[in-house]
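I have placed the structure first, in the form of structure tokens, so that the comments after it can refer back to it.
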Amino acid sequence: MLAVAISTAGRIGLDYAGATLPYATFYPAVVFAALLGGIPAAIFAAWLSATVVLVGFTDRPDHAEAINLVGFLSTAALIIWLGHLCRGALMELKRSEHARELLLGELRHRVNNQLALFQAIVRSSLSGEDRAKGEAIALRLDAVARANSLAWSDHRLMTLRMLLDVELQPYRASGAVTVDGPDMPLGPEAVRNLALVFHELATNAVKYGALRGQGGRLEIQIAQEGGRGSVAWRELGPHPIEPPGKEGFGTRMIRASLAAIGGSIEQDYRDEGLVCRIRFDAAM
């Protein structure tokens with residue numbers, strides 16, 4: 001009804017302007033009715049539009065008016081059919097989107113449950129001297145779970161700062177961690193792999209580096225180099241550190257995680273702490 005009323009007002013305006021387009025302003029009413037209300041609403045809009053034109057704007061129907069009416073009704077029928085097809089496609093797309101969201105929710109739930117089960121198995125299976133190794137593995141699995149939750153959350157856009165906030169939240173409250181530079185969006189693979197990288201670096205900083213004890217700082221600088229992301233990780237500790245004698249599992253995991261997203265890492269062990277340059281493809 002509202003669409004037809006607006007179309008009628010448009011037709012009045014055309015009459016004042018001297019135009020001779022009897023049904024031109026009523027086509028949008030049929031389109032909107034077909035898309036929003038379906039076939040019954042569209043048929044009603046077409047019938048009401050024709051009635052308004054014949055009763056309100058036609059003094060003495062003649063052959064020309066009959067041709068205009070037939071043309072309008074024929075075109076309206078085509079519009080109604082196309083509108084019905086479009087409306088059905090939109091409704092099917094909405095149903096498919098709802099089904100996809102349900103499937104992703106179920107998948108997210110199952111994956112997180114599996115990771116929690118793996119953590120429990122690792123913690124319960126290793127004891128004695130191996131308990132520390134089991135705890136480290138469980139914490140890495142926890143980092144993967146957090147990354148999955150972030151990548152599959154309701155946020156449509158995941159960014160590097162969001163990921164750093166999640167991984168470094170326990171250490172930022174004291175003011176020992178600063179993050180500067182422009183933010184950048186991350187793809188799902190980048191989120192999951194970078195979560196492992198930052199978790200490993202933060203864990204090492206707490207155990208051996210600048211975040212061990214009081215007085216240390218961690219400075220993170222974000223940059224974009226062309227289409228790639230770059231992170232400068234700089235630890236400033238009150239005590240000197242020594243580079244590891246050999247490459248351990250954590251370092252190998254960092255390199256493998258970055259390689260999976262087209263990235264690399266350069267590590268420099270200085271007297272004041274570790275300095276890293278991390279490069280990666282943020283869109284993956």
Looking at side-chain heavy atoms only, is the closest gap between [X] and [Y] below 4.5 Å?
X	Y	result
L236	L218	no
I278	L201	yes
R255	Q267	yes
V179	R161	yes
N204	E200	yes

* Would you say L85 and L78 are hydrophobically clustered, going by side-chain heavy atoms of ILVMFWY under 4.5 Å? ->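 L85 clusters together with L78.
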
Considering all heavy atoms, the nearest [X]-[Y] contact:
X	Y	result
P185	A282	O-CB, 3.5 Å
V197	S257	CG2-CB, 3.9 Å
G262	R228	O-NH2, 2.8 Å
N193	A260	OD1-CB, 3.8 Å
G216	A176	O-CB, 3.6 Å
R277	A232	NH1-CB, 3.8 Å

How long is the span from the [atom1] atom in [X] to the [atom2] atom in [Y], to the nearest 0.5 Å?
X	Y	atom1	atom2	result
I220	R234	CD1	CZ	13.0 Å
E235	C276	CD	SG	7.0 Å
R192	L163	CZ	CG	11.5 Å
I222	D180	CD1	CG	8.5 Å

* To do: Mark yes when over 12 heavy atoms from residues, nucleotides or ligands other than Y208 sit less than 6.0 Å from its OH; otherwise mark no.
  =>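 It does not: Y208 OH has 12 such atoms or fewer within range.
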
